[in-house]
Structures are given as C-alpha cells and as structure tokens.
Asks: 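One structure, pasted below without further comment.
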Amino acid sequence: MMRLFRFLKPFIWPVFFIVIFMFFQAMAELYLPTLMSDVVNNGMMKGNTGYILKYGSYMLLVAAGSSACSIVGSFLSARVAVGFGRDLRSKVFTRVESYSLHEFDKIGTASLITRTTNDITQIQTVLVMMLRFIIYAPIMCVGGIIMAVSKDKELTLILAVVVPLLLAVIGTLASIVVPLFKALQKKLDRVNLVLRENLTGIRVIRAFNRLDIERKRFVEANKDLTDTSIRVNKIMAAMQPLLMVFMNITSVAIIWFAGLRINANKMELGDMMAFLQYAMQIMFAFIMVSVMYVMVPRAQASAMRINEVLDMQPEITDPAGAQSVGAKRGVVEFEDVTFSYPGAEQPAISHVTFEAKPGEVTAIIGGTGSGKSTLISLIPRFYDVDSGRILVDGVDVRELAQKELRQKIGFVPQTAVLFTGTIAENIRYGKKDATDEEVRHAAQVAQASEFINEMKNGYDSEISQGGTNVSGGQKQRLSIARALVRKPEIYIFDDSFSALDFKTDARLRAALRKETSESTVIIVAQRVSTVMDADRIIVLDEGKVVGMGSHRQLLSNCEVYREIVSSQLSEEEIA
Ligand code: ADP
Ligand code: MG
C-alpha cells in the first residue's frame with residue numbers, strides 16, 4: 001500500500017491543502033465547546049444577554065468556518081483519490097501492454113481485469129478516508145484529551161476507563177471482521193471467474209447441456225460470497241448500536257459525576273457541557289481510526305495484487321542499443337533453435353535449423369501439438385528462444401527493436417481475432433493509412449470481397465464484439481486481408497486456411513502467390529494439398545524437424561510425411 005503512494009506525487013499540492021483544511025476544521029471543532037462553556041457560564045448563568053449574543057455569533061462564525069474547511073477538504077480528497085485511481089489504472093494498463101505472453105500466462109486474463117478495475121476502486125475508496133482522517137482523527141484525539149483535562153482533571157479519569165474499554169470492543173470486532181474482508185475478495189474473484197467462463201463458453205455449455213451444472217456452480221460461488229458478506233454486515237450492523245450504547249452510558253456517567261462536582265461547587269455547568277462534547281469527540285476519533293484499521297487490510301490485499309502486476313518485469317524487452325536491419329530483405333534464419341514453455345518437461349521446439357528466403361514459400365506441416373504454432377511465434381518474438389538464434393535480415397531478433405521487427409511481419413494467427421468496428425477498419429488495422437483501393441485489393445486477394453460486397457453496408461458493415469457475426473472462414477479471410485494490406489517482407493500464416501473449403505483455399509493460394517512473389521512466405525498447414533506446391537516443406541514431429549525438402553523429395557525420404565500424405569490423398573493424387 002505504502003509503495004503505491006509514490007503515485008500520489010503529482011497531487012502533492014492538493015494533499016498539502018487537504019492537510020491544512022483538515023487541521024483548521026479540527027481546531028475549530030475543538031474550540032467550539034470551549035466557546036459554548038463560556039456562553040453558558042458567563043452569559044446564561046448570569047443573565048447577560050449581550051454576552052450571549054456576542055459569543056453566540058462568534059460560535060456561529062467558527063462553526064461556519066469549520067463546515068467550509070470540511071467541504072473543501074472532502075472535495076479535494078475525492079478529486080485526489082479519483083485522479084490517483086486514474087493514474088494507477090493507466091500505469092497498470094501500460095505495464096500489462098508491455099508484457100510478453102509469458103506474463104499473461106502467469107497472472108491470467110480474468111485476474112488482470114479484476115485487478116485493473118475492482119482492486120483499484122478499493123484503494124481509491126480507502127484513500128478518500130485516509131486523506132480525510134489521517135490528520136483530523138489524531139488532532140481530535142490528542143486535542144480532545146488536552147481540552148478535556150483543561151476543563152476538569154478529575155473527570156478525565158472516566159475517559160481513562162472508558163477509552164480502553166472502547167478499544168477492546170472495537171479490537172475484538174475487527175479481529176473477526178478483517179479476515180472475513182480478505183476472504184470476501186477471494187470469493188469475488190471466484191464469482192468473476194465462473195461468470196467469465198460462462199459468458200465466453202456459452203455455446204459449449206448449451207451444446208453439452210451443462211446449463212444446470214454451470215448454474216449450480218455459479219449459485220454456489222454466489223452464495224458463498226453472499227454468506228460471507230452477510231456475516232460481515234451483521235457484525236458491522238451490531239457495531240453501530242453497540243457503540244451508541246457505549247457512548248450513551250459514558251454520557252450518563254459523565255453527567256452523574258459532573259453533577260456531584262457541580263453540587264460541591266467544584267465545577268461549572270458550562271464546563272460539564274463542554275467536557276461532554278470533548279468526550280464524544282475523543283471517542284469518535286478512536287472509532288474513525290478503528291474503521292480505518294478495518295478498511296486498510298482490505299485495501300492492502302488489493303495493493304499487493306496491483307503491485308504484483310506493476311513489479312512483474314516483461315521478459316521480452318528492447319535491447320539497449322537496438323540494431324538496424326542488414327541489407328537483406330525478409331530473410332528468416334533459424335539456427336539450432338530450442339525452446340521450452342516454462343514448466344514443461346520437454347522442449348516444444350528442439351534443434352530447428354532452416355532458412356526462408358524472399359520469393360519462396362516455406363511450408364510447415366505436422367500433427368497437432370507438434371510445435372508448429374510455437375515455432376512461428378518465435379519469429380515476431382512473442383517468446384524468446386532458450387538456445388540457438390533466429391535471424392531476420394541477418395540480425396538476431398533479440399537485438400532488434402520489437403517495433404521494427406514486427407513492422408516487417410504480416411502475421412495471421414491460428415485463431416482469427418477481429419476487433420469491434422467496421423470491416424474496413426479491421427483491415428486497416430494492418431496499415432492505418434491504407435487507401436480504400438489498398439483495402440479493397442487486400443480483400444480481393446484474400447477472397448473476401450465477395451462476401452463483403454454481399455453484406456448490407458459492404459466495407460462499412462460493423463463487426464460485432466469477438467467477430468460473432470461472421471463465420472470462421474470469413475474471419476480467417478479478413479485476418480489474412482489485414483496482413484496483406486501491410487505489404488510486409490515476411491508473411492506468416494498459422495493454419496489460416498483450415499476453415500476454408502478446398503476451392504477457396506486453392507483460389508486464395510493462387511492469388512497469394514502473385515501478391516507475395518517478392519516476400520518470404522511461411523505457411524503452417526495441416527492439409528497436404530495446401531503445402532504440396534511450396535518451395536520447401538518442413539515436417540515437424542514433437543518439436544523436431546524430421547524432414548525438409550520438396551513434396552517429391554519428402555515422399556521418397558520422409559516416413560512421417562508419407563504417413564500424413566497417405567492419410568489425406570488418394571493414390572493418383574500422390575503421383
Ligand atoms: P501445433 O501448433 O503444432 O498444434 P503448438 O505449437 O500449439 O502445436 O504446441 C506445441 C506444444 O506446446 C504442445 O504440446 C502444447 O501443449 C504446448 N504449448 C502450446 N502453447 C503453450 C503455452 N502457452 N504454455 C505451455 N505449453 C504450451
Ligand atoms: Mg497450432
């Protein structure tokens with residue numbers, strides 16, 4: 001929590017003024033009972049109307065000043081806390097954007113969302129209270145005691161009994177409530193998780209008739225959260241009347257003993273009334289401090305979760321003196337590359353060596369889980385290699401600025417991702433200043449223009465969230481168009497033709513060949529028909545290269561390739 005306060009730096013002046021205003025508010029509130037005791041002792045008891053009017057209006061002024069300070073202080077505190085929340089959110093967001101895929105895997109998307117929203121709000125709420133009370137409560141406490149003693153020393157003994165008792169009561173309640181608050185946060189996480197899984201997996205849940213089970217799962221998580229909330233609130237609800245009873249008994253005790261002293265002419269009526277108010281102020285101050293004591297651990301848990309996000313150093317960063325690319329254009333070389341996912345027993349890629357040159361098509365084929373997607377995700381440096389190296393245009397990818405490296409690459413991922421916006425906007429994602437002509441051309445090559453023209457608004461048709469209003473094959477073609485519009489030096493297609501029918505697949509590849517004749521093309525595919533006419537086919541099996549060459553060469557010398565082929569093509573097609 002304390003560490004997060006470094007982000008309060010821009011608010012140093014408002015915070016300074018809050019402290020000043022809260023100081024004056026506290027002073028005014030401490031002064032009021034003394035003024036009142038003067039009015040009672042010297043005015044009312046002696047029937048001096050002039051005195052009452054004079055000091056009465058004085059009291060009104062002080063009260064007005066105190067209210068003004070309170071209003072300005074609250075206003076500033078709210079502004080500072082909200083501004084602090086805004087800055088913190090943007091800091092978290094920026095940090096998360098710099099994460100490599102490793103870090104995403106570690107924290108998890110759902111948790112990252114809760115941390116950026118709910119956890120930061122939590123801290124914001126506590127910050128408002130802290131700014132309001134951190135100066136005010138101690139002054140009221142110490143000042144109240146000093147003033148009470150100045151009114152009547154012996155009566156202060158009552159407070160010496162009552163305040164420790166009060167603290168004991170609050171302490172007991174807090175020790176029950178604080179762990180519950182912490183549990184509450186975890187239970188909320190759980191509800192979020194179940195809800196998120198349900199929302200994203202709704203089709204699967206329906207198709208497999210899991211609605212009842214999922215509903216039960218949600219009801220359980222929800223009930224768990226509710227039960228704990230109710231318990232916390234019951235205790236908090238009991239706290240208020242309990243404290244009231246406590247304060248009322250204290251009042252009665254003060255009046256009782258003060259009465260005895262007034263009778264004995266050892267005290268004046270006004271002083272008793274002032275003393276009563278000081279006692280209340282002291283007790284309120286203690287209650288405020290203890291409320292903070294309950295709230296802070298909750299914010300503490302949130303602060304820890306946020307710090308975890310901020311402290312995690314992205315594994316992949318730009319080198320200090322980023323190199324510029326060499327003279328070659330679009331050459332990709334793998335030199336004895338080995339890579340494992342963290343925690344995996346076996347490397348996902350081991351000892352892979354090959355070279356892909358401009359004007360050539362390099363195809364990668366292999367069973368599911370053979371490491372095809374992993375292999376190509378190393379080129380845009382989504383992950384860093386364990387050993388060996390990958391060169392793009394003759395320079396190790398770890399020595400290039402990420403921006404420059406990725407600028408060269410047109411990447412079409414295995415699962416097509418579209419963003420909310422129009423079709424044209426989605427294609428322009430590849431090149432933000434692409435002309436209408438370029439967008440249209442890219443769509444044409446990607447074999448997407450036909451279905452785009454059939455849509456009601458053509459290129460201005462809206463894509464819904466997650467791209468649910470286009471089919472899988474249409475999504476793939478749009479994400480291919482997005483890569484094409486960039487005219488990059490290196491094209492990477494990860495199984496991007498899998499949802500297309502054979503005819504569209506063939507037409508698309510023919511169009512691509514013309515379009516990409518000067519670029520390096522790397523195609524990952526499952527279908528032999530997709531890779532057959534590639535210049536070089538790499539056969540992957542369990543992360544190792546088990547064959548490399550043309551279709552014909554591989555047929556004669558690669559057993560794995562022959563198996564894949566014979567499982568897909570009929571005899572005459574092979575020949
Ligand atoms: P392919 O694309 O050929 O189907 P992948 O490259 O996706 O295969 O996966 C290769 C292997 O790496 C698989 O065994 C898979 O379980 C593992 N793997 C893939 N992605 C991750 C990840 N993010 N974390 C850990 N292991 C992964
Ligand atoms: Mg894959």
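Note that ligands are numbered from 1 as they come in the structure, with each ligand's atoms numbered from 1 the same way.
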Asks: Does the pair Lys487/Glu438 count as a salt bridge with the N-to-O cut at 4.0 Å?
Replies: no
Asks: Please step through salt bridge (Lys or Arg N to Asp or Glu O under 4.0 Å) for the pair Arg217 and Glu220, ending with a clear verdict.
Replies: CA-CA 5 Å; Arg217 213 157 75 102; Glu220 267 165 27; over 6 Å; no
Asks: Mind checking whether the Mg ion (ligand 2) has an N, O or S of Gln414 under 2.8 Å?
Replies: yes
Asks: Does a side-chain N-to-carboxylate-O contact under 4.0 Å join Asp311 and Arg3?
Replies: yes
Asks: Charged N to carboxylate O under 4.0 angstrom, Arg398 versus Asp396?
Replies: yes
Asks: Looking at residues at least two apart in the chain, or sitting in another chain, which of them share a side chain to side chain donor-acceptor pair (under 3.5 Å) with Asp386?
Replies: Ser340
Asks: Pairs of nitrogen or oxygen atoms, one from ligand 1 and one from the protein, closer than 3.5 Å: please tabulate them with distances.
Replies:
unit_1	atom_1	unit_2	atom_2	d
ligand 1	2 (O)	Ser373	N	2.9
ligand 1	2 (O)	Ser373	OG	2.8
ligand 1	3 (O)	Ser370	N	3.3
ligand 1	3 (O)	Ser370	OG	3.4
ligand 1	3 (O)	Gly371	N	3.1
ligand 1	3 (O)	Lys372	N	2.9
ligand 1	3 (O)	Lys372	NZ	2.9
ligand 1	4 (O)	Gly369	N	2.8
ligand 1	6 (O)	Ser373	N	3.4
ligand 1	6 (O)	Thr374	N	2.9
ligand 1	6 (O)	Thr374	OG1	2.4
ligand 1	8 (O)	Gly371	N	3.3
ligand 1	20 (N)	Tyr341	OH	3.3

Asks: Is the shortest side-chain heavy-atom distance between Tyr341 and Thr374 below 4.5 Å?
Replies: yes
Asks: Closer than 2.8 Å to the Mg ion (ligand 2), do we get an N, O or S atom from Thr374, backbone or side chain?
Replies: no
Asks: Can you classify the ring geometry of Phe339 versus His102 as parallel (below 30°), tilted (30 to 60°) or perpendicular (above 60°)?
Replies: parallel
